[in-house]
Asks: 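One structure, as structure tokens, below. Some questions next.
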Amino acid sequence: MKEQLQELLIESLSALLAEGVINELPAKVRLDHTKDKSHGDYATNVALMLAKQAKCAPKVLAEQIIAKLSNSSLISKTEIASPGFINFFLSEATNSAVVTEILNSADDYGLSNVGAGKRALLEFVSANPTGPLHVGHGRGAAYGATIANLMRAVGFEVDNEYYVNDAGRQMDILTVSIFLRYLSIFGEELRFPDNGYQGDYIQDIAKSVVAEYGERWRKGAGELFEDICKDEADGGDKEAHIDALIVRSKQVLGEGYQAVFRVGIDSILSGIKDDLAEFGVDYQQWFSEQSLIDSGLAKSTTDTLQDTDHIYEKDGALWFKTTDYGDEKDRVVVRDNGIHTYFASDIAYHLEKFDRGYDKVINIWGADHHGYIARVKASIAALNHDPEKLEILLVQFANLYRGGKKVKMSTRSGSFVTLEELRNEVGNDAARFFYVMRKSEQHMDFDLDLAKSKTNENPVFYIQYAHARICSVLRQAGEKEITVNASNADLSLLVEDGEKSLLKELSRYKGVVESSALQYEPHQLAYYLKDLAACFHSYYNACPFLVSDESLTQARLALVIASKQVLVNGLSLLGVSAPESM
RNA sequence: GCGCCCAUAGCUCAGCUGGAUAGAGCAACGGCCUUCUAAGCCGUAGGUCAUACGUUCGAAUCGUAUUGGGCGCACCA
């Protein structure tokens, strides 16, 4: 009905335009829900916006706008409030119509088509497959999955994609780490490199290698470490040390190197996939970095840039002139040792994304990668695509708190809390909700104790409890042999304050979904659901639903069932369950 | 040093892209269970929206400067 009201308003403005009272229509006609019910149901500031070009006082213009407003059964009255707002009071029938609409649309209520079927590619998480996902990745996962749900709800076609960095040096370090642990299982005496992956999961993967290959790839530690430069703890350079070990391992292992690598990446990747799936995060595509190298696209993209003079050579390395496109400094794409950088394949990856013909290309990155934005956009521009089409959403880190104290984490040493551990501790519902409850660019403190608590300070339980309470009411109705006939209820009986505010709250839902989706702000929906639940709890305490007056019972049940539907729809967009009882 | 993000009640955070008297939850205080789940509700108290200028009918919101915090500035990913 907001749309209808808006149309009426535009009609009126067009009439004024025809009469020359105003010179042009505003870009958008804002119609807002009012905070204060003495201001009616909706208010617009158009008269204030247009007063200057109409060269008259806002209040005078407001009167003219109202005069041109055609009669409609929607509106019961209009008022002008200083300095020039027009307040609309809707008729009771208009307000309660939302219940009918919700009941008719059911699970589809809240869906719209502002996205008009445009295709969007949403890349998120994309953590290096060098270990299990940790709580930092969890935020990106929950955020991305929710954005995808929201965008689909408003009519976009969305593909979720995970970019798998299965090529490059990190993979070599992973392989060597597994290999060394594998050797240790057979009692080989060796010093594990400072720069290797220390986590326990590496030991587990090494055991899998044993299970699959037995002693087949066993080599002597002496052979492996002979003449290798010193590690950091021994006064050497840890980078050089591990690089030397990588080269040696490849020599010593031959085809076994690939075999060990395979076991490692398969194990880690399947762990990540299971983890995300259990978290309710689904992907349409898993895009391999290695595939860009195998297909030659990485190479050909670099060649193209070289042919178009975007790349030059310096100090034995190939540099991409990203400064031509506003970056702070030029970036290396091929190192002096001939190995391409991560950036090089990333250029090809983004080119590939654009070539797939999406209308929107969206990346969700950890905020620590913000320095990377300029160079990626530069590469898109250099390859004759519109860098504006790439939208990069940054997600800040999440700190865990337990007992009021920050949980310390460090990735290198392997002492991090994994996403799986978090999910096991607080549950998927609380994790999903908490992650998106905060604005993504805001640092968040994830309070583990709060996420587990079962009081109204925990918003997840608060909202779910509202849903469970409604289910309970409906069960009671069944026990009392009340036949619920919501769609035929006489909604004009809903006149209590609690009912009016609940109706108003319900009518906000569609707009919240749309706004959350278009602005990539799931927290708007999270807050809305909290407000809706509050509205319901308040109503629940103020009015009994199952009363002796049968038609009143039916009307209240209709309202309550509509509320339940919106809670279910909203929670499902957030990936949170709606339990029938708690 | 340069760049990006942030600063709102004692605490954790919203504030619908410039609107009307800045809102929730927690913590504090006072009430509500013989009646649909008290995992709930009602009320009281709590603010120089970091600071200072500016933009205009109107600023927590936009601009500039300052202060204070986070992150980034690799031939790592």
Side-chain angles (χ1 to χ4, degrees), chain A residues 30 32-36 38-39 43-45 48-49 51-52 57-58 81-85 87 126-128 130 165 168-171 173 239 289 314-319 328-329 331-343 345-346 366-374 394 396-397 401 404 437-439 441-445 447 450 453-459 461-462 464-466 468-477 479-480 508 511-512 515-516 519 521 523-524 526-528 530-531 533-534 536-547 553 556-557 560 581-582:
Chain A
R30 273 192 72 148
D32 297 313
H33 288 270
T34 53
K35 285 183 223 166
D36 189 329
S38 71
H39 297 144
T44 181
N45 62 353
L48 288 159
M49 302 289 286
K52 188 170 269 183
S82 57
F85 292 103
N87 295 331
S126 299
N128 282 344
T130 53
N165 296 116
R169 186 162 171 266
Q170 297 304 319
M171 289 299 99
I173 297 176
E239 305 289 349
E289 179 185 3
K314 193 182 86 181
D315 305 331
L318 291 183
W319 297 72
E328 294 170 355
K329 54 171 291 194
R331 310 290 175 175
V332 170
V333 285
V334 180
R335 298 203 269 156
D336 58 6
N337 61 8
I339 296 172
H340 72 270
T341 60
Y342 169 87
F343 180 42
S345 35
D346 220 19
D368 55 330
H369 283 62
H370 67 77
Y372 201 71
I373 296 173
L394 298 177
Q396 291 285 355
F397 288 128
Y401 282 78
M437 189 168 64
R438 299 281 172 255
K439 248 168 134 162
E441 65 263 33
Q442 192 89 263
H443 297 100
M444 76 172 286
D445 295 333
D447 187 333
L450 178 61
S453 87
K454 300 186 172 184
T455 61
N456 68 352
E457 63 185 297
N458 182 344
F461 280 87
Y462 186 75
Q464 289 181 323
Y465 181 45
R469 264 185 156 175
I470 296 172
C471 292
S472 173
V473 168
L474 296 176
R475 281 194 296 272
Q476 302 270 334
E479 281 163 25
K480 291 186 178 176
R508 280 180 56 211
V512 170
S515 166
S516 303
Q519 296 180 59
E521 294 189 344
H523 77 276
Q524 286 186 27
Y527 272 90
Y528 168 80
K530 222 168 102 178
D531 290 342
F536 168 77
H537 285 307
S538 180
Y539 178 42
Y540 180 95
N541 278 276
C543 296
F545 308 149
L546 306 173
V547 291
T553 300
R556 289 183 172 169
L557 286 180
V560 159
S581 66
M582 294 172 73

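Computed from a predicted structure; not experimentally measured. Per chain, numbering begins at 1; letters A, B, ... match sequence-line order.
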Asks: Could you state the atom-to-atom distance from CD of A/E521 to C1' of B/C16 in whole Å?
Replies: 9 Å

Asks: Quiz question: by atom type and distance under 3.5 Å, do the side chains of A/T130 and A/Q170 form a donor-acceptor pair?
Replies: no

Asks: Can you tell me how far CD of A/E479 sits from CG of A/L546, rounded to the nearest 0.5 angstrom?
Replies: 10.5 Å

Asks: Could you work out the separation of B/A38 and B/G31 based on their C1' atoms and round it to a whole Å?
Replies: 13 Å

Asks: Counting side-chain heavy atoms from C-beta on, which of B/G3, B/A77, B/A38 comes nearest to A/H370?
Replies: B/G3

Asks: Could you work out the separation of B/U61 and B/C41 based on their P atoms and round it to a whole Å?
Replies: 33 Å

Asks: What string of B, S and - do you get for nucleotides 27-34 of chain B, 5' to 3', if B is base contact, S is sugar-phosphate-only contact and - is no contact with any protein heavy atom under 4.0 Å?
Replies: --------

Asks: Any heavy-atom pair between the side chains of A/L450 and A/Y401 that's under 4.5 Å?
Replies: no

Asks: State, to 0.1 Å, how close A/T553 and A/V547 come at their nearest heavy-atom pair, and which atoms those are.
Replies: OG1-O, 2.9 Å

Asks: Let me confirm one number: the CG-CE distance from A/N128 to A/M171, rounded to the nearest 0.5 Å.
Replies: 6.0 Å

Asks: What are the atom names and distances for every N/O pair under 3.5 Å that joins the protein to nucleotides 6-12 of chain B?
Replies:
| from | atom 1 | to | atom 2 | distance (Å) |
| --- | --- | --- | --- | --- |
| B/U12 | O2' | A/R438 | NH2 | 3.1 |

Asks: Nearest-nucleotide wise, let me know which of A/S472 and A/Y527 is further upstream toward the 5' end of RNA chain B.
Replies: A/Y527

Asks: Output yes when at least one side-chain N/O atom of A/S538 is less than 4.0 Å from OP1 or OP2 of B/C42, else no.
Replies: yes

Asks: Can you name the ring pair (Phe, Tyr, Trp, His ring centres under 6.0 Å) partners of A/F461, sequence neighbours left out?
Replies: none

Asks: Check every atom of B/C41, B/C36, B/A24 against the side chain of A/Y540 and return the nucleotide holding the closest atom.
Replies: B/C36

Asks: Ignoring hydrogens and angles, tell me if any N or O in the side chain of A/T341 forms a donor-acceptor pair with the backbone of A/V332 under 3.5 Å.
Replies: yes

Asks: Mind checking if A/F397 touches a base, just sugar-phosphate, or nothing, with heavy atoms under 4.0 Å?
Replies: nothing

Asks: What is the nucleic acid contact for A/A51, judged by heavy atoms within less than 4.0 Å: base, sugar-phosphate only, or nothing?
Replies: nothing

Asks: Of all residues at least two apart in sequence or in a different chain, which pass the side chain to side chain contact (heavy atoms under 4.5 Å, CB included) check with A/K35?
Replies: none

Asks: For A/F85, which residues count as a ring pair (Phe, Tyr, Trp, His ring centres under 6.0 Å) partner, sequence neighbours excluded?
Replies: none

Asks: Using heavy-atom distances to pick each residue's nearest nucleotide on RNA chain B, tell me which of A/S515 and A/E289 is more 5'.
Replies: A/S515

Asks: For nucleotides 19-22 of chain B, tabulate all protein N/O to nucleotide N/O atom pairs closer than 3.5 Å, reporting atom names and distance.
Replies:
| from | atom 1 | to | atom 2 | distance (Å) |
| --- | --- | --- | --- | --- |
| B/G19 | N7 | A/N45 | ND2 | 2.9 |
| B/A20 | OP2 | A/K35 | NZ | 2.9 |
| B/A20 | N6 | A/N87 | OD1 | 2.8 |
| B/A20 | N1 | A/N87 | OD1 | 3.2 |
| B/A20 | N1 | A/N87 | ND2 | 3.4 |

Asks: Which value, rounded to the nearest 0.5 Å, describes the distance between A/E289 atom CD and A/N165 atom CG?
Replies: 5.0 Å

Asks: Please state how far atom CG in A/D531 lies from atom P in B/C13, giving the value in whole angstrom units.
Replies: 18 Å

Asks: Please enumerate all residues that pass side-chain hydrogen bond (donor to acceptor under 3.5 Å, both in side chains) together with A/H537, with sequence neighbours excluded.
Replies: A/R469

Asks: Rounded to the nearest 0.5 Å, how far does CD of A/Q464 lie from CG of A/N458?
Replies: 8.5 Å

Asks: For the P atoms, the ones on B/G63 and on B/C76, what distance do you get once it is rounded to whole angstrom?
Replies: 37 Å

Asks: Would you sketch RNA chain B in dot-bracket for me? Only Watson-Crick or G-U wobble pairs with both distances under 3.5 Å count, crossing pairs as [ ], other-strand pairs as |, the rest as dots.
Replies: (((((.(..((((.....[...)))).(((((.......))))).....(((((..]....)))))).)))))....

Asks: When you compare B/U48 with B/A59, how far apart are their C1' atoms, in angstrom units rounded to a whole number?
Replies: 15 Å

Asks: Quick one: pull up CE in A/M582 and SG in A/C471 and give me the separation to the nearest 0.5 Å.
Replies: 11.0 Å

Asks: Would B/C57 be called syn or anti here, given the cut-off of 90° from 0?
Replies: anti

Asks: Using the purine O4'-C1'-N9-C4 or pyrimidine O4'-C1'-N1-C2 torsion, is B/U17 syn (within 90° of 0) or anti?
Replies: syn

Asks: Say you pick atom P in B/U8 and the same atom in B/A52; how far apart are they, in whole Å?
Replies: 16 Å

Asks: Is a side-chain N or O of A/R438 found less than 3.5 angstrom from the main chain of A/H443, in a donor-acceptor match?
Replies: no

Asks: Hey, what do you get for CG (A/L474) to CG (A/L557), rounding to the nearest 0.5 Å?
Replies: 6.5 Å

Asks: Given atom OH of A/Y462 and atom P of B/A38, what is their separation to the nearest angstrom?
Replies: 13 Å

Asks: Under 3.5 Å, which protein N or O atoms sit close to an N or O of nucleotides 73-76 of chain B? Give each pair with its distance.
Replies:
| from | atom 1 | to | atom 2 | distance (Å) |
| --- | --- | --- | --- | --- |
| B/C75 | O2 | A/D336 | N | 2.7 |
| B/C75 | O2 | A/D336 | OD1 | 3.0 |
| B/C75 | N3 | A/D336 | OD2 | 3.3 |
| B/C75 | N4 | A/D315 | O | 3.0 |
| B/C76 | OP1 | A/R335 | NE | 3.0 |
| B/C76 | OP1 | A/R335 | NH1 | 2.2 |
| B/C76 | OP2 | A/R335 | NE | 2.4 |
| B/C76 | O2' | A/Q170 | NE2 | 3.2 |

Asks: Write down the distance separating the C1' atoms in B/G70 and B/G23, rounded off to the nearest Å.
Replies: 26 Å

Asks: Take the protein atom NE2 of A/H523 and the nucleotide atom C1' of B/U17, then report the distance between them rounded to whole Å.
Replies: 12 Å

Asks: Tell me what A/S581 touches on the nucleic acid: a base, only sugar-phosphate, or nothing, going by heavy atoms under 4.0 Å.
Replies: base

Asks: Where the side chain of A/Q396 is defined as all heavy atoms beyond and including C-beta, which of B/G15, B/C5, B/A77 is the nearest nucleotide?
Replies: B/C5

Asks: Got a sec, which residues hit ring pair (Phe, Tyr, Trp, His ring centres under 6.0 Å) with A/H370, two or more places apart in sequence or on another chain?
Replies: none

Asks: Could you tell me the separation between the CD atom of A/Q524 and the C1' atom of B/C13, rounded to a whole number of Å?
Replies: 15 Å

Asks: If you measure from the P atom in B/A20 to the same atom in B/C13, how many Å do you get, rounded?
Replies: 25 Å

Asks: Can you check the distance between B/G19 and B/C62, where both ends of the measurement are the C1' atom (answer in whole Å)?
Replies: 14 Å

Asks: Tell me every residue that passes side chain to side chain contact (heavy atoms under 4.5 Å, CB included) with A/A57, counting only those two or more places apart in sequence or in another chain.
Replies: A/V60

Asks: What's the shortest heavy-atom distance between A/A43 and A/T34, and which atoms?
Replies: CB-CG2, 3.7 Å

Asks: Can you name the ring pair (Phe, Tyr, Trp, His ring centres under 6.0 Å) partners of A/Y540, sequence neighbours left out?
Replies: A/F536, A/F545

Asks: Reckon A/C543 touches a base, only the sugar-phosphate, or nothing at all at heavy-atom distances under 4.0 Å?
Replies: base

Asks: Nearest whole Å is fine: how far is B/C36 C1' from A/L474 CG?
Replies: 10 Å

